Amino acid sequence: MASTATSRQQALDALLLTQRTLGMLVELETGQRGFILSGRDDFLQPFITARVALDSMRPSLKRTLETSDFAGVRALRDTVDGLIAERIGQADAAVAQRRAHGYQPERELAEHIKGKQLMDELRSQFDTLESYQLAVVDRRSLDSADATAATTRISGALAAGGTLLMVLALSLLHYERRLRDGADRALHTANERLEREVVERTEALTEAKTRIQSFAGELDLHVEEERRRLSREVHDQLGQIATAAKIVTADLVRSHPGLPRTAVRQLMDLLDEAIQTTRRIAGELRPPMLDDLGLGAAVTHHVQSVAALGKLETDIDIASDHCLPADRANQIFRILQEATTNVLRHAGATTLSVRGGVEGSRYRFVVDDDGRGPHDIRADASGVRNMRERAALVGGTLHFGPGPSGGTRVTVLVPLETSTP
């Protein structure tokens with residue numbers, strides 16, 4: 001009977017120790033979660049207490065499981081200890097990550113899911129241990145009942161003690177489950193709150209991005225209007241003044257044939273250069289062809305001008321440009337200006353190809369050269385960044401990279417219709 005009682009007591013002790021260990025794991029999780037959500041050290045106290053308790057309880061639990069009468073309990077010894085160590089390490093890492101990097105909802109949600117999966121596995125293992133220990137208790141109780149035939153008073157006392165311990169164990173189990181359910185509810189509430197915050201912040205960021213894009217579009221529109229006004233002023237005012245000065249100079253030469261011819265020729269050359277410079281500046285500010293004749297004519301004129309400067313052979317094919325709204329045609333032309341500037345400055349090319357046409361619901365515009373390629377130009381350089389931003393202003397995309405002939409290719413895709421945010 002002494003051996004039976006000892007075995008039964010060991011099973012009950014193991015059951016209580018198992019429940020205490022699971023309770024400390026729940027405390028560990030509660031303290032860790034409270035610190036992650038709040039970032040305050042006072043929320044971390046349950047974690048610290050549970051961490052110390054688990055360090056002292058793990059060796060006892062391992063020894064208790066090792067001396068169990070059931071082979072199944074002994075087989076679970078290393079598995080349970082390994083899961084406890086893994087959960088402690090996971091909690092330590094989560095706290096360290098929160099201290100080092102602050103609160104990051106997506107990462108914390110992923111870590112919470114991993115922790116919950118591990119806790120579910122631990123609970124399953126602890127439920128198995130409880131079943132084994134309860135089976136030991138039941139079996140030893142039956143052994144004690146058999147012994148009561150000889151010693152009724154002793155077996156009765158043992159039965160009463162066993163019942164008391166069983167009630168205590170079940171009470172602790174019920175209490176632990178209440179704690180666990182409360183922790184699960186708190187975690188569920190916290191997760192719902194986090195999900196709401198993520199949705200609200202995502203919506204706020206989307207709205208802010210829309211406002212910024214709208215503001216940028218309006219600003220670019222005002223800039224283009226100012227460019228158009230300045231182009232007219234330069235062309236009409238400075239151009240007329242230079243032309244009038246040339247006419248006056250010609251009349252003066254006819255009226256005074258004795259003027260020095262060399263000086264007169266130099267003056268006429270300077271006036272011609274002033275007229276050409278005025279036209280060039282006006283064209284760069286806002287090419288009249290873009291407003292009067294459309295994208296195709298403006299592209300052809302600009303590419304031919306660039307080709308003359310860089311001694312380039314050109315291949316131009318612009319189709320269906322009448323389908324493009326004015327704002328998209330304007331952004332494509334500005335991207336072309338930036339791309340051809342890169343060709344002249346960096347490419348060392350001999351040919352320049354520009355093609356455009358409708359592709360489904362979008363307009364595709366491609367600039368190719370056979371130069372050195374984009375190796376010397378960073379993908380985030382200011383010129384490339386400006387091109388990307390211009391494409392984005394009208395809901396389009398831009399790809400900058402190597403071309404099929406070994407040079408550089410700039411591809412712009414813009415929608416033909418305005419998208420509603």
Side-chain angles (χ1 to χ4, degrees), residues 28-44 46-47 87 90-120 181-223 325 327-328 331-332 335 359-364 378-382 384-401 411-421:
L28 183 81
E29 183 172 9
T30 301
Q32 169 215 319
R33 196 63 187 164
F35 175 73
I36 287 175
L37 293 174
S38 66
R40 294 170 49 185
D41 286 338
D42 53 339
F43 279 74
L44 200 60
F47 169 87
R87 184 65 189 98
Q90 192 181 68
D92 288 342
V95 170
Q97 283 284 339
R98 178 65 171 87
R99 287 190 186 280
H101 303 291
Y103 185 69
Q104 299 179 358
E106 293 183 359
R107 188 199 68 209
E108 301 300 350
L109 181 58
E111 291 297 326
H112 170 64
I113 292 172
K114 289 169 57 179
K116 187 176 184 305
Q117 291 173 346
L118 187 55
M119 280 298 295
D120 289 342
D181 292 342
D184 286 341
R185 287 193 298 271
L187 288 174
H188 181 70
T189 302
N191 285 335
E192 288 182 342
R193 185 173 66 253
L194 286 175
E195 289 173 0
R196 287 196 301 270
E197 290 179 358
V198 169
V199 170
E200 291 172 357
R201 291 181 182 180
T202 301
E203 291 176 351
L205 288 174
T206 301
E207 183 180 353
K209 180 181 178 182
T210 301
R211 290 200 302 268
I212 291 172
Q213 287 180 335
S214 176
F215 173 76
E218 292 178 3
L219 181 61
D220 188 72
L221 180 62
H222 292 318
V223 169
D327 59 335
R328 287 155 177 73
Q331 297 302 342
I332 288 176
I335 291 171
E359 187 179 84
S361 61
R362 301 180 299 179
Y363 195 86
R364 187 171 187 266
R378 301 192 320 274
D380 62 343
S382 59
V384 179
R385 184 173 61 251
N386 290 339
M387 291 191 288
R388 293 189 194 280
E389 290 174 355
R390 287 191 174 278
L393 279 176
V394 289
T397 58
L398 180 139
H399 176 74
F400 177 86
T411 304
V412 187
L413 289 170
V414 298
L416 295 175
E417 298 293 336
T418 302
S419 59
T420 302

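In this text, all values refer to a predicted model and were calculated from it rather than measured experimentally.
- Of all non-hydrogen atoms in Thr202 and Val198, the two that sit nearest each other are OG1-O, 2.7 Å.
- Taking all atoms of both residues into account, the shortest heavy-atom contact from Gly395 to Pro415 is O-CD, 3.5 Å.
- For Glu200, there are no side chain to side chain donor-acceptor pair (under 3.5 Å) partners at least two apart in sequence or on another chain.
- Taken from CG in Leu28 to CE in Met119, the straight-line distance is 8.0 Å, to the nearest 0.5 Å.
- Contact record, Ile36 with Ala94: CD1-CB, 3.8 Å, taken as the closest heavy-atom pair.
- Contact annotation: the side chain of Leu187 never approaches that of Thr189 to less than 4.5 Å [non-hydrogen atoms, C-beta and beyond].
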Exercise. Decide side chain to side chain contact (heavy atoms under 4.5 Å, CB included) for Leu398 and Thr411; before the verdict, give the C-alpha distance in whole Å, the side-chain angles of both, and the deciding distance to 0.1 Å.
Key: CA-CA 6 Å; Leu398 180 139; Thr411 304; over 6 Å; no
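- Looking at Arg362 and Val414, their side chains never come closer than 4.5 Å, going by heavy atoms from C-beta outward.
- Within the 4.5 Å cutoff, no side-chain heavy atoms of Ile332 are placed close to those of Val394.
- With sequence neighbours left out, the side chain to side chain donor-acceptor pair (under 3.5 Å) criterion links Arg87 to Gln32, Gln90.
- The shortest side-chain heavy-atom distance between Met387 and Val384 falls under the 4.5 Å cut-off.
- Atom NE2 of His188 sits about 10.5 Å away from atom CG of Asp184, to the nearest 0.5 Å.
- Here Asp181 pairs with nothing under the side chain to side chain donor-acceptor pair (under 3.5 Å) rule; sequence neighbours left out.
- With sequence neighbours excluded, no residue satisfies side chain to side chain donor-acceptor pair (under 3.5 Å) with Arg193.
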Quiz item: How far apart are the C-alpha atoms of Thr30 and Phe47, what are their side-chain angles, what is the distance that settles it, and do they pass the side chain to side chain contact (heavy atoms under 4.5 Å, CB included) test?
Solution: CA-CA 7 Å; Thr30 301; Phe47 169 87; over 6 Å; no
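- Interatomic distance, CG of Leu37 versus CG of Asn191, reported as 8.0 Å (0.5 Å rounding).
- No donor-acceptor distance shorter than 3.5 angstrom exists from the side chain of Arg388 to the backbone of Thr397, with no hydrogens or angles considered.
- Rounded to the nearest 0.5 Å, atoms CZ (Arg33) and CZ (Arg98) are 10.5 Å apart.
- Checked against salt bridge (Lys or Arg N to Asp or Glu O under 4.0 Å), Asp120 has the following partners two or more places apart in sequence or in another chain: Lys116, Arg123.
- Counting heavy atoms from C-beta outward, Pro46 and Glu29 have side chains that stay 4.5 Å or more apart.
- Of all the heavy atoms in Phe35 and Phe43, the pair that sits closest is N-CB, 3.9 Å.
- Among residues two or more places apart in sequence or in another chain, the salt bridge (Lys or Arg N to Asp or Glu O under 4.0 Å) test is passed with Arg201 by none.
- Salt bridge Arg99/Asp41: present, at least one basic N to carboxylate O contact under 4.0 Å.
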